[in-house]
Amino acid sequence: MLSEMEYELKSAPPTFRHQKMSKLRVYRRDLVKLQMEAKYNALEDGSKERRMYTLENENGGQLDSQRALLLQGTESLNRATDSIARSHRIAAETDAIGTDIIEELGEQREKLERTKGRLVHTGENLSKSRKILRSMSRKIVTNKLLLSIIIILELAILGGLIYYKFFSKG
């Protein structure tokens, strides 16, 4: 039974394991002492056998209570192991989700940077377009002004010719 307890303690967490291993060693020493006393008393007379029987019953009661404590510790250890395993699974899932989120955020950042570059390029193109439109607008106004002056000059010449031909004496 002590061997089984020792085997179960090997898979326990280190802090719990060291504490219970020391108790297990004490139990082993007590068991060896009891075995030696039992052999010694078996050789002696019946009165000693009766005393030994009483001592064994007392020690047996102690061993039963110690065994119950050890079994409770083992159950507690099993629950803790299951809890740790669940925590590891949850941590692994959380890690995977976090990695996916980081990758998505990286992709979104790249898209935003490309979009920003396009906007800057578009802004530059709009500035060039405004300059060209202003230049064209000035040229149109200049052309209209020149055409107006030419039309006025032509009207003045035409008016002068009509006056000369119809109203001049000559």
Side-chain angles (χ1 to χ4, degrees), residues 1-31 62-170:
M1 185 177 293
L2 289 176
S3 298
E4 289 175 14
M5 289 182 211
E6 184 176 10
Y7 177 74
E8 289 179 17
L9 282 175
K10 285 182 181 178
S11 62
T15 55
F16 181 77
R17 183 180 356 173
H18 294 299
Q19 182 184 20
K20 296 302 177 183
M21 283 297 263
S22 62
K23 283 186 179 182
L24 189 64
R25 284 188 212 109
V26 170
Y27 297 153
R28 280 189 192 261
R29 276 190 241 125
D30 289 346
L31 182 62
Q62 285 178 343
L63 286 176
D64 286 342
S65 65
Q66 290 173 349
R67 181 174 185 245
L69 279 173
L70 191 57
L71 288 175
Q72 285 177 344
T74 303
E75 289 175 17
S76 174
L77 179 64
N78 288 338
R79 285 192 303 271
T81 302
D82 292 342
S83 176
I84 289 170
R86 282 191 304 272
S87 297
H88 280 287
R89 281 193 303 271
I90 290 170
E93 290 173 6
T94 304
D95 187 34
I97 290 170
T99 302
D100 291 343
I101 289 172
I102 288 172
E103 288 175 1
E104 283 183 36
L105 288 174
E107 291 171 4
Q108 289 177 0
R109 179 181 179 175
E110 290 174 5
K111 288 178 184 177
L112 287 173
E113 287 175 351
R114 284 193 303 266
T115 304
K116 182 181 176 183
R118 286 185 201 138
L119 285 174
V120 168
H121 185 67
T122 303
E124 292 170 357
N125 287 342
L126 284 174
S127 296
K128 290 177 185 177
S129 298
R130 277 192 204 109
K131 288 178 184 178
I132 292 170
L133 286 174
R134 268 189 244 128
S135 173
M136 289 172 67
S137 174
R138 276 185 290 223
K139 288 179 182 178
I140 289 173
V141 169
T142 305
N143 286 343
K144 282 183 180 180
L145 186 63
L146 285 173
L147 282 176
S148 297
I149 291 173
I150 291 172
I151 289 173
I152 291 173
L153 282 174
E154 285 179 353
L155 286 175
I157 292 172
L158 185 63
L161 285 174
I162 291 177
Y163 178 77
Y164 177 71
K165 193 170 188 174
F166 292 110
F167 297 108
S168 76
K169 293 184 181 177

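The shown structure was predicted, so the numbers you read here are calculated from the model rather than taken from an experiment.
Rounded to the nearest 0.5 Å, atoms CG (L145) and CD1 (I149) are 4.5 Å apart. In this structure, CG in D82 is found 9.5 Å from CG in L77, a value given to the nearest 0.5 Å. In this structure, the separation between CD on E124 and CG on L126 is 10.5 Å, given to the nearest 0.5 Å. Considering CZ of R86 and OG1 of T81, their distance stands at 10.5 Å, rounded to 0.5 Å. Expressed to the nearest 0.5 Å, how far CG of L69 lies from OG1 of T74 amounts to 10.5 Å. Atom CG of L71 and atom CD of Q66 lie 12.0 Å apart (nearest 0.5 Å).
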Only distances under 3.5 Å count here; give the side-chain donor-acceptor pairs of residues 102-110 to other protein atoms, sequence neighbours excluded, each with its distance to 0.1 Å.
from : atom 1 : to   : atom 2 : distance (Å)
R109 : NE     : E113 : OE2    : 3.1

Please list every donor-acceptor pair under 3.5 Å in which a side-chain atom of residues 127-142 meets a protein atom from a residue at least two apart or in another chain.
from : atom 1 : to   : atom 2 : distance (Å)
S127 : OG     : G123 : O      : 3.2
S129 : OG     : N125 : O      : 2.9
T142 : OG1    : R138 : O      : 2.7

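The backbone N or O of D95 lies less than 3.5 Å from a partner atom in the side chain of T99, making a donor-acceptor pair.
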